[in-house]
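To start, the structure itself, in structure tokens.
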There are 2 protein chains.
Amino acid sequence: MGSKERRERERSEQRQRILDAALQIITKEGFAALSMRKLAEKIEYSPASIYLYFRNREQLAQELSEVGFNDLLLMLSAAAGLPRAIDALHAMGAAYVKYGIGNPAMYRLIFMGDSEFIDAAFGNQSKDSAGVRAYGVLLDVARRLQSDGVMKNVPLIELAELIWTALHGIVSLRIGCSRMKLTPPERLARLATETIASVTGD
Amino acid sequence: MGSKERRERERSEQRQRILDAALQIITKEGFAALSMRKLAEKIEYSPASIYLYFRNREQLAQELSEVGFNDLLLMLSAAAGLPRAIDALHAMGAAYVKYGIGNPAMYRLIFMGDSEFIDAAFGNQSKDSAGVRAYGVLLDVARRLQSDGVMKNVPLIELAELIWTALHGIVSLRIGCSRMKLTPPERLARLATETIASVTGD
DNA sequence: GTCTATAGGCTGATAGAC
DNA sequence: GTCTATCAGCCTATAGAC
């Protein structure tokens, strides 16, 4: 009986269509502009039908943020793969900033949200979420830096957060203050990672 | 004829009453929750009457953000007054974080807003706005650091932005991800400013 | 100056017909 | 599964009475 499988496939295709349209909307107009009505119109559906695939707007946003975390994870993992820890740090910084500046609406949704998607990505959820794994990539780079003598007198967690907040600051200031003239973010990211890497030992 | 002056005084008192109530609302519930209706209810007024004092919600928010910038400026100025540049840096970092963590809704409004209050505070507006002056305090500390040999091979502006984005990252990550367990922000700020201060010369 | 009343929107979500 | 119609609420802003 293939008809049951066909129905399930069609159902998941439809879910994906909805997610794609939602992603388009928040990319172009931001998360605040994502309404069920607008979304329905985009996929030529009635608003009511979306509720057959997603419990509510919150769940939709939740799943969108998972897509974002996955994209970020992919970019960070690739960068962190470099053999020398210091190269991995610079590449990770560049990748983080590139992701944030290239996907401001998604970055906002994930890291600057009024809602609590990060908590969902980290806390109560599956231990293997993209968010947790991305944080793992950061921790790993920090650990390798310390074994190369960089900031080895500081707790690992604090070094990791120092790196993260430095990069997050560069991205989020730019997103929040979009019309201000600032130093190019790639340049600032490089400066930040070089500053951190230059602190050797105690 | 004191009656004209009395009317003007009463008018500005009423304006202040509205601003105070608005500040209370955004402090407790965030800027998104600030509506003209809710504001009117709080001061026991009709919604329509608020429009006699403020052109629209945007102008109200604009003036609120100026209050915030002024508070921040006061804290930063005091900190930056320390005689040794490095002490000024640490104190400024502590003050910035204290302001941001202590006033998350206002910090959000000013630096993480969807609207463009920072542009108003810096760009087209008066050259003597609190925002411009706060940035001036930061620039001054950066200049003094460089004349003490800290990061003197980097353009002044970039050092200033490095400091700013580091502190902003600490504050805004905490505000955006409120339920995550992170290192205390004062500790991270100290780590960040010490890291920067430790980079001497070329 | 302050009010009531209202125009003209928007929103998330659901009941019930088909 | 999908629709129409609708509930119940929110919002900014304004016109016009007092």
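Fair warning: this is a prediction, and the values are worked out from it, not measured in the lab. Order of the sequence lines sets the chain letters (A, B, ...), proteins ahead of strands, with each chain counted from 1.
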Looking only at D:dA13, C:dT2, C:dG12, the nucleotide nearest the A:Arg37 side chain is C:dG12
Among D:dT4, C:dT2, C:dA13, which nucleotide has an atom closest to any side-chain atom of A:Met36?
C:dA13
If the cut-off is 4.0 Å, is A:Tyr51 near the phosphate of D:dC3, judged by side-chain N/O to OP1 or OP2?
no
Comparing B:Lys38 with A:Glu44, nearest DNA chain D nucleotide closer to 5' gives the residue A:Glu44
For the residue pair A:Ala105 and A:Ile26, what are the closest heavy atoms and their distance?
CB-O, 2.9 Å
Between A:Ala88 and A:Arg144 the two heavy atoms that sit nearest each other are CB-NH1, 4.0 Å
Nearest-angstrom distance from the residue atom CD of A:Glu41 to C1' of C:dT11
14 Å
Between C:dT4 atom C1' and B:Ile50 atom CD1, what is the distance in whole Å?
15 Å
Residues, nucleotides or ligands: over 12 heavy atoms within 6.0 Å of B:Lys98 NZ:
no
Please report the distance, rounded to the nearest Å, between CG in B:Leu52 and C1' in D:dT14.
11 Å
Among D:dC3, C:dT4, C:dA13, find the nucleotide with the atom closest to the side chain of A:Ala48.
D:dC3
Does D:dC3 have OP1 or OP2 under 4.0 Å away from a side-chain N or O of A:Ser49?
yes
Taking D:dT4, D:dA13, C:dG1 as options, the one with an atom nearest any side-chain atom of B:Tyr53 is C:dG1
Between B:Ser35 and D:dC11, does any side-chain N or O lie under 4.0 Å from OP1 or OP2?
yes
Does D:dT4 have OP1 or OP2 under 4.0 Å away from a side-chain N or O of A:Tyr45?
no
Relative to each other, are the rings of B:Tyr107 and B:Tyr96 parallel, tilted or perpendicular (30° and 60° limits)?
perpendicular
